[in-house]
J.: 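Handing you this structure, nothing more for now.
Below, chains carry the letters A, B, ... as their sequence lines are ordered, and counting in each starts from 1.
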Amino acid sequence: MRHRWELPVAAMVLSVCWWFVGTSHAADREKLLSEPGVYGTFAAFRIETDWGKLDQATRIANLTSFRGVVEQHREKLAIDSYLLRGLSDHADFMLRVHGTELKDTQQFLVDLQNSAFGRYLTSVVLLSGLTKKPNYVPGFPEQLKADLKGPSESGPYVMVLPIRKDTEWWSLSQEKRAAMMQEHTEAALPYQKTVKRKLYHSTGLDDVDFITYFETAKPEEFHALILALNKVKEARHNRRMGNSTLVGTVRSLDQLIEVLAQ
Amino acid sequence: MRHRWELPVAAMVLSVCWWFVGTSHAADREKLLSEPGVYGTFAAFRIETDWGKLDQATRIANLTSFRGVVEQHREKLAIDSYLLRGLSDHADFMLRVHGTELKDTQQFLVDLQNSAFGRYLTSVVLLSGLTKKPNYVPGFPEQLKADLKGPSESGPYVMVLPIRKDTEWWSLSQEKRAAMMQEHTEAALPYQKTVKRKLYHSTGLDDVDFITYFETAKPEEFHALILALNKVKEARHNRRMGNSTLVGTVRSLDQLIEVLAQ
Amino acid sequence: MRHRWELPVAAMVLSVCWWFVGTSHAADREKLLSEPGVYGTFAAFRIETDWGKLDQATRIANLTSFRGVVEQHREKLAIDSYLLRGLSDHADFMLRVHGTELKDTQQFLVDLQNSAFGRYLTSVVLLSGLTKKPNYVPGFPEQLKADLKGPSESGPYVMVLPIRKDTEWWSLSQEKRAAMMQEHTEAALPYQKTVKRKLYHSTGLDDVDFITYFETAKPEEFHALILALNKVKEARHNRRMGNSTLVGTVRSLDQLIEVLAQ
Amino acid sequence: MRHRWELPVAAMVLSVCWWFVGTSHAADREKLLSEPGVYGTFAAFRIETDWGKLDQATRIANLTSFRGVVEQHREKLAIDSYLLRGLSDHADFMLRVHGTELKDTQQFLVDLQNSAFGRYLTSVVLLSGLTKKPNYVPGFPEQLKADLKGPSESGPYVMVLPIRKDTEWWSLSQEKRAAMMQEHTEAALPYQKTVKRKLYHSTGLDDVDFITYFETAKPEEFHALILALNKVKEARHNRRMGNSTLVGTVRSLDQLIEVLAQ
Amino acid sequence: MRHRWELPVAAMVLSVCWWFVGTSHAADREKLLSEPGVYGTFAAFRIETDWGKLDQATRIANLTSFRGVVEQHREKLAIDSYLLRGLSDHADFMLRVHGTELKDTQQFLVDLQNSAFGRYLTSVVLLSGLTKKPNYVPGFPEQLKADLKGPSESGPYVMVLPIRKDTEWWSLSQEKRAAMMQEHTEAALPYQKTVKRKLYHSTGLDDVDFITYFETAKPEEFHALILALNKVKEARHNRRMGNSTLVGTVRSLDQLIEVLAQ
């Protein structure tokens, strides 16, 4: 993806960036993305059709406000961006926000919606969950634990599947759930290398119990993984809601803004 | 959050406030929030996208009408305000209204929607319930009753979960329901201190049976509470509807208006 | 609620009223509201947000057309009006229309939507049912029959609950249904005085089987009535749809128009 | 309903009609409405609120395009029109189109939506089904077969109930289904004279299995018919979807256009 | 795609079109449409009502951008077009896109939505699946395998039925599923000649498990096929969602553009 902006505009945008880079301290992204006790929020937006009817200079000016808001909040938050348009039918783009306090995330999203760009956005999905230490892994066999430590390839494809458990699941004993989760984990193992996974616990924080996040370079491997997971006993306790799968591609903020500017 | 209004405007708004404080008698908020036999109404609104396209002076003038309507009705009603934007996807803010007569609440909400600000609002959730003396607590063991009297920390986070019971629940004997509610209460006890709860009975008054209201400073504690409640037998009689959880933060009317003015 | 219209406007509206009172013969309201074989239609409307942006003179002129259409059809129909705004989230007001021919009701609602005011209305709920002689009462014990004849207090609160029966209900024998309905009736009896009820049979005429209509001065009594009805066996055959309860207050046409004019 | 158009306009409309009557060959309506192997399409439309804000001359000009499109396609299709407004809450009018080729129906509906009037229409329901020889009647007793040949009264009321069968129904043997359909038919027989019925098979062609079409002068008879059908065993295999019943009145194209022109 | 923002837009667009016609190699359509391991995406769009209010010259100019985007991406993708309007109620047209990489499809759909025509489109359905080697056919009897190789007639009618399997299906053994699929295949065999079928596996890639695509010249044969398939045991594991069937006719891009230009 190459630079498509003319020089004066690009320069203006870059100078704004510079200003933010110069004054903010980036959150410890590595820690936010790997530690337990962090809130992850998935915010998917649809862009109003009016947006497409603005002239390009106005769109670029508005997108500058978008970039400004994101940069300003990077002090406390790790913010990832995704293009959903063309792979999902109910949203155009998604932000994944990691932070230690949900109110920081709220402030970021409020500032985004109050920005010049935000006037053209409708919030269509907003899910929050918590990263936690693995519930069941400590009781798994040592070999399985070791296998789970292998690296995973990332992007460019992203899939987010919100899952609600049925009421029976929660009434099962910890042992029964652990046994089922071991079977689940073993079924997923062959896809450990090609599909990167991250889990968020969201019971009470929204209308689902888990937000499952996936990245892969090979959607067919992700498809095979979900097929394999559908076949284990634990899957009978999953309820997925009607129109809930989000599919897209990982994009840097610059890349996302470039698509939205066109 | 810094003051972003210019001084003359802020002064104008303050003078309006003063006028209302000077002429209205506040409802007995403490009694409305603690006694049985009070109606609690949860009204969540989405703000039209046109709002964001108004100039700020017009927005502030309109918000003055919002403040005026709220102050005017504080004579009879206890009105709390919450910012949902950034934590819920289907509403921007919520009002919780306590009153002894539903028609006072209706008059307030009608006046709000007829105000200059109200022209930009869509009512997306409107749930009413009644506070009642505890149904099951009188039969609980003395120790449990005593434990329930401990204080709870409040805000800034708020969660509202409307719940409908299945038909089987209502056909159970009072004893069976009391036993299940005791188990429920014992499971909730560890979170008594960190999560504040309030219950509204709404069978017939809307499409749910209970409106459960929570405040906490630690969303992870609320998450753990709901997980614990999911595991007791009573939970099997709960039906939660698709997109019904409301999450936000407690905001004074001034704070809410400041966000909406930007 | 005080008169907020300026005198010349009020005079104009009153003179229009007078004209209609002078030229139309009112339907026999008493008969339409008490006899079997009458169609009752519940039409709830949402008012477009554009309406609130009209100047008041235009709103009043449009509301005059509303009043005119209602008065014109009172020759054949009994028309009651209700304010839902502030107590229901999906509609602003409701009309209940009783007539002996559904096509008269259709003509009224078509004329309403074709009127100057109707241009701002969206029809969000439209349910029709038939009043019938009681199905099960003739077989009830004499004492119960006598008790059912007591008077009921009316308004100002109105609740409309559409109900669909499950398929099993219809396959039960008449005796089994009669026994369950007797239990239902006995459970409702304590609320006979404080909650007024009216039943419409609507199988085939819309997507529900019954439209249950309630008026009360004490919503807490209505709440207790529905709780009591939830506990009888017949309730297990009820299916209520997601967002179907309508709650509001009885308003004369003049009172409703006054609210809408503001 | 009296003529409300002024003479020059009415004359213009009539002359357009004349032109079409003069140049097109009407489809063999009788055959299309009675033979098996014909496709029936039910298209219900909502008219945009902008329509009501046009001046009447523009509305009439646009409705002339509506009439033109209908007349033009009457060469191949039998087209019936219905007013739903005032009796259904999700559509304003409905067209029923019979033809031997679905692509002719598609061309008609495309031409309609591309017409000046079509710019104001939203297609809210579109169901297609096939008329077939009776599946079960050949095996019925002779007396029942004879009874089914009696005439039925038609309109002005029309009801369309789309029905989906459960998966169990389709796995039953032909004999079991035939026995249940005989019970169904016997239950319907008392309403043969007052309620006219027509059946369309639509499995695969849309999301339902059958489109059941009814006309009657007595909605209470139709109500009694559906109640009777709910009580037979076959009804346990019916699934009706949430908001699917369409109710209206039969109107000639001229009558429908007159209502829409006001 | 470089530098699109210069002012002589029309000239540039034409030159870009020319450039692509001159320099692109059409994707190997035959291979994309027949081989396993190819992604098929079904994108259905609704056209905004504003579109119909544009003058025809503007519509044609915008449609030129549509054609340009499609032609440009034919280098990597096989793109088929369908007219749904008049046969489906929730979309106006559909594109079926085959490619070896989902990101190429995303880029195409993003370019389409960013085009002048795309400003008037709402994406209402977006489903992606993967073509795979037959799962069960290798174990079928030789005669059945031979029969499956017969040719099928194509279009003009197209039907797309997304299907989700129930959780029980996935927990069955491979043998049990193979036996059921053999019964399914035998039931479908009589329609092999008149109904062309293609299967896409989409578990995880959207909210369904399979996208089933059909073409036929005889909708009544397709109806009979689906009826036959409903009767086999495998059908009991199918869940079809409310409003999911898409019906239309195959149209070349030129034919589709001609309809949209009117």
J.: Using non-hydrogen atoms and a 4.5 Å limit, figure out which bit of C:Lys165 sits close to chain D: side chain, backbone, both or neither.
T.: neither

J.: Taking all atoms of both residues into account, what is the closest heavy-atom pair of D:Asp89 and C:Leu126, and its distance?
T.: OD2-N, 3.1 Å

J.: Name the region of D:Leu83, side chain, backbone, both or neither, that has any atom closer than 4.5 Å to a heavy atom of chain C.
T.: both

J.: Can you tell me which of C:Leu205, C:Leu112, C:Thr41 forms the most heavy-atom pairs within a distance under 4.5 Å of chain D?
T.: C:Leu205

J.: Quick check on D:Ser88 against chain C: is it the side chain, the backbone, both or neither that has a heavy atom closer than 4.5 Å?
T.: backbone

J.: Does any backbone or side-chain atom of C:Glu48 lie under 4.5 Å from a heavy atom of chain D? Answer side chain, backbone, both or neither.
T.: side chain

J.: Need one label for D:Leu161: side chain, backbone, both or neither, based on atoms under 4.5 Å from any heavy atom in chain C.
T.: side chain

J.: Would you mind checking which part of C:Asp166 comes under 4.5 Å of any heavy atom in chain D, side chain (CB onward), backbone (N, CA, C, O), both or neither?
T.: neither

J.: Are C:Asp207 and D:Thr245 close enough that a side-chain donor and a side-chain acceptor fall under 3.5 Å?
T.: yes

J.: Would you please name every residue forming a ring-ring contact (aromatic ring centres under 6.0 Å, His included) with D:Trp169, sequence neighbours left out?
T.: D:His237

J.: Looking at D:Val259, D:Asp92, D:Leu87, which one forms a side-chain contact (heavy atoms from CB on, under 4.5 Å) with C:Val110?
T.: D:Val259

J.: Could you tell me the separation between the CD atom of C:Gln106 and the CZ atom of D:Arg85, rounded to the nearest 0.5 Å?
T.: 10.0 Å

J.: Does the C:Arg119 side chain pair with the main chain of D:Lys53, one donor and one acceptor, at a distance under 3.5 Å?
T.: no

J.: Please state whether the side chain, the backbone, both or neither of C:Ser115 comes within less than 4.5 Å of a heavy atom of chain D.
T.: neither

J.: For residues C:Tyr39 and D:Pro219, report the shortest heavy-atom separation together with the two atoms involved.
T.: OH-CB, 3.3 Å

J.: Please report the interatomic distance CG(D:Leu227) to NZ(C:Lys132), rounded to the nearest 0.5 Å.
T.: 5.0 Å

J.: Where do D:Arg236 and C:Ser171 come nearest, in terms of heavy atoms and distance?
T.: NH2-CB, 3.3 Å

J.: Say you draw a straight line from NE2 of D:His223 to CG of C:Asp206; how long is it, rounded to the nearest 0.5 Å?
T.: 10.5 Å

J.: Using heavy-atom distances under 4.5 Å, tell me whether C:Phe108 contacts chain D through its side chain, its backbone, both, or neither.
T.: neither

J.: Which heavy-atom pair separates D:Tyr157 from C:Lys103 by the least distance, and what is that distance?
T.: OH-N, 2.7 Å

J.: Would you compute the distance between atom CG of C:Leu102 and atom NZ of D:Lys218 and round it to the nearest 0.5 angstrom?
T.: 14.0 Å

J.: Going by heavy atoms in the side chains, are C:Asp209 and D:Asn230 under 4.5 Å from each other?
T.: yes

J.: Between atom NE2 of D:His90 and atom OG1 of C:Thr122, what is the distance when rounded to the nearest 0.5 Å?
T.: 14.5 Å

J.: Kindly compute the distance separating CG (C:Leu121) from OG1 (D:Thr49), expressed to the nearest 0.5 Å.
T.: 10.5 Å

J.: Report, in residue-number order, which members of residues 175-184 of chain C are under 4.5 Å from chain D by heavy-atom distance.
T.: C:Arg177

J.: Flag the one option from D:Leu229, D:Thr249, D:Leu260 with the top tally of heavy-atom pairs under 4.5 Å to chain C.
T.: D:Thr249

